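Below is one structure, written out as structure tokens; comments come after it.
These values consider heavy atoms only, across backbone and side chains, with no hydrogens, waters or symmetry-generated copies. What you see is a predicted model; the values in this text were computed from it and never measured.
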Amino acid sequence: MTANTLTIDAARKALRSREMTAVELTETCIAAMEAGAGLNAFVHKTPELALDQAKAADARLAAGDAPSLCGIPLGIKDLFCVKDVPTQAASNILKGFRPEYDSTVTSRLFEAGAVMLGKLNMDEFAMGSSNENSAYGPAVNPWKIDEAKRTPGGSSGGSASAVAGDLCIAATGTDTGGSIRQPAAFTGIVGIKPTYGRVSRYGIVAYASSLDQAGPMTKSVRDAAIFLQAMAGHDAKDSTSADLPVPDFEAALTGDIRGKTIGIPREYRLDGMSSEVEQLWNRGTEMLRDAGAKIVDISLPHTKYALPAYYIIAPAEASSNLARYDGVRYGHRAELDAGDGIADMYEKTRAQGFGAEVQRRVMVGAYVLSAGFYDAYYNKARKVRALIKRDFELAFADGVDAILAPATPSPAFELGAMASSDPVEMYLNDVFTVTVNLAGLPGVTVPVGLDKSGLPMGLQLIGKPWEEGELLNHAYVLERAAGFVAKPAKWW
């Protein structure tokens, strides 16, 4: 077993005991990153920066000053600003953009001693569920059971592929409607979307500001707890950041959920649900019951309205956020013909710089915010969102400690399989995840088993707001009971 296959926890122990140095660990990950180029997970590689950071980490380790992520090589989603490193959000409109500052998340990771291997592939502006909307081309799922290449999910597809393929020890992701949890399920790793406001959004390229939340993508639940600890905390630069103390998430992993109540939402049993998904859900339910939890059926009656509400609210916010990309201040600017005016520059720049899915969502968003349709669409979606949030509040008030549900309606599908003139086919991949974002709740995906063809499948746990520690403990119990240790056979 090579060092790049280690978890954060195992690598941390090896570094602190001086079994290996941060430079040695980083060199192993750089070699894996180069060997794994066929996965198209890394889109901007920073090996020189990584080695400099690793040398600094070794100095801190030698001095006995070893914070939580000291010497741990990470991948960073291409949505997080890193000073002087290309940050393109997988869009041609930001080609060549190098920020002059770090996001709060990456600043905190660097303060914790982390090493950055490079920037990771994603759907353009985080709009997608398959990583096929990327200006770099799609990332590829390392789980390949036949000749067909499969999606690693989206929008954090590069992050999921890199972690599952052991190109890095862990990675950052963002989740607006499931973009951490869905790709984690597709690739057999752990991904947690924290409570909205737990992690600062400062310096993260915005998609939908009331829904976006950053989180870790890791090889184990313990790693997720360690990583989230370093990312979380109040930030005065983000007006939506919660001024709350950050508990010790790793200490919360007691493995004891006796007496806890797990809700099983009946509305998540959809017509036409795959029998394998339903069997996996039933297995997970029994695992938690065997661990001493009480299982109860619950109702989240407004669930069926979540997907249409999400696909009104998110594009509406995107149309506003993406208005800044106009060719005037930074990023791509179209070449103009003689006589072209400012409006022509805007139109040509945005037509050239934005991909088809981004253009679609910006136009949908502008439509639902227009004077004649604001109340009929956007305002109504906001009211539905409040009802969805209320459904969860009532369930938790009734004694439910966590909710267990599927993470995805199927295992990873083949790249190109969802290419259709009807984008709703792709949007349906978010059916189990968008409710969590609309309600601002924490949710975590844990790998539980393989389907009959050998692809990983995950389950999702949804927790109370600000109770990531308790949620991760439930996930830790599920992880141990499932005993998922399968890894993709190396083919790249």
Side-chain angles (χ1 to χ4, degrees), residues 5-10 39 41 129 141-145 150-154 156-157 159-171 173 175 178-193 215-228 253 255 274 276-288 291 402 404-413 429 432-433 436 442-463 471-490:
T5 65
L6 296 173
T7 62
I8 292 175
D9 184 42
L39 295 177
S129 303
N141 194 325
W143 290 83
K144 188 179 178 188
I145 55 169
R150 285 172 166 75
T151 176
S156 306
S159 300
S161 179
V163 175
D166 290 319
L167 310 189
C168 58
I169 306 299
D175 193 311
S179 288
I180 286 173
R181 291 161 290 145
Q182 183 249 28
F186 276 1
T187 54
I189 65 171
V190 173
I192 180 170
K193 172 219 161 308
M217 303 181 74
T218 62
K219 299 174 186 177
S220 73
V221 172
R222 184 172 296 278
D223 281 9
I226 296 167
F227 201 164
L228 182 58
L253 304 182
S274 157
E276 287 191 285
V277 171
E278 189 157 12
Q279 288 166 13
L280 187 82
W281 192 8
N282 292 337
R283 277 179 51 208
T285 301
E286 290 309 309
M287 289 173 189
L288 295 176
L404 181 70
T408 60
S410 70
F413 49 88
N429 269 278
F432 296 126
T433 51
V436 175
V444 60
T445 293
V446 179
V448 173
L450 300 174
D451 77 343
K452 60 187 177 186
S453 64
L455 291 171
M457 299 174 68
L459 290 175
Q460 175 184 207
L461 282 157
I462 303 166
L471 177 65
L472 284 165
N473 188 44
H474 282 84
Y476 181 58
V477 170
L478 184 61
E479 176 187 59
R480 292 200 303 179
F484 185 91
V485 294
K487 299 285 284 187
K490 188 171 180 181

Compare all side-chain heavy atoms of [X] with those of [Y] and state whether any distance is below 4.5 angstrom.
X    : Y    : value
V444 : L461 : yes
M457 : E276 : yes
P152 : P183 : no
V277 : P409 : no
L450 : L455 : no

[atom1] of [X] to [atom2] of [Y]: how many Å apart, nearest 0.5 Å?
X    : Y    : atom1 : atom2 : value
E479 : M287 : CD    : CE    : 11.5 Å
K193 : L228 : NZ    : CG    : 11.0 Å
N141 : F186 : CG    : CZ    : 8.5 Å
L404 : H474 : CG    : NE2   : 10.0 Å
S220 : I189 : OG    : CD1   : 11.0 Å
M217 : F227 : CE    : CZ    : 10.5 Å

Using a strict 4.0 Å threshold on nitrogen-to-oxygen distance, state whether K487 and D166 make a salt bridge. yes

So, the side chain of [X] versus the backbone of [Y]: is there a donor-acceptor pair under 3.5 Å, distance only?
X    : Y    : result
Q460 : P406 : yes
T7   : A10  : yes
S156 : S179 : yes
T445 : R181 : yes
Q182 : S129 : yes
N473 : G255 : yes

Kindly give the heavy-atom pair with the smallest separation between [X] and [Y], and that separation in Å.
X    : Y    : answer
G191 : A184 : N-CB, 3.7 Å
P488 : P142 : CB-O, 3.4 Å
D223 : D9   : OD1-N, 3.0 Å

Using the side chain to side chain contact (heavy atoms under 4.5 Å, CB included) rule, pick out the option among I226, L478, V190 that qualifies with V221.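 Considering I226, L478, V190, a side chain to side chain contact (heavy atoms under 4.5 Å, CB included) with V221 is found only for V190.
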
On the 0 to 90° scale, with breaks at 30° and 60°, tag the F484-W143 ring pair as parallel, tilted or perpendicular.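 Aromatic pair F484/W143 classed tilted.
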
Check step by step if side-chain contact (heavy atoms from CB on, under 4.5 Å) holds for T218 and V163. CA-CA 7 Å; T218 62; V163 175; 5.6 Å; no

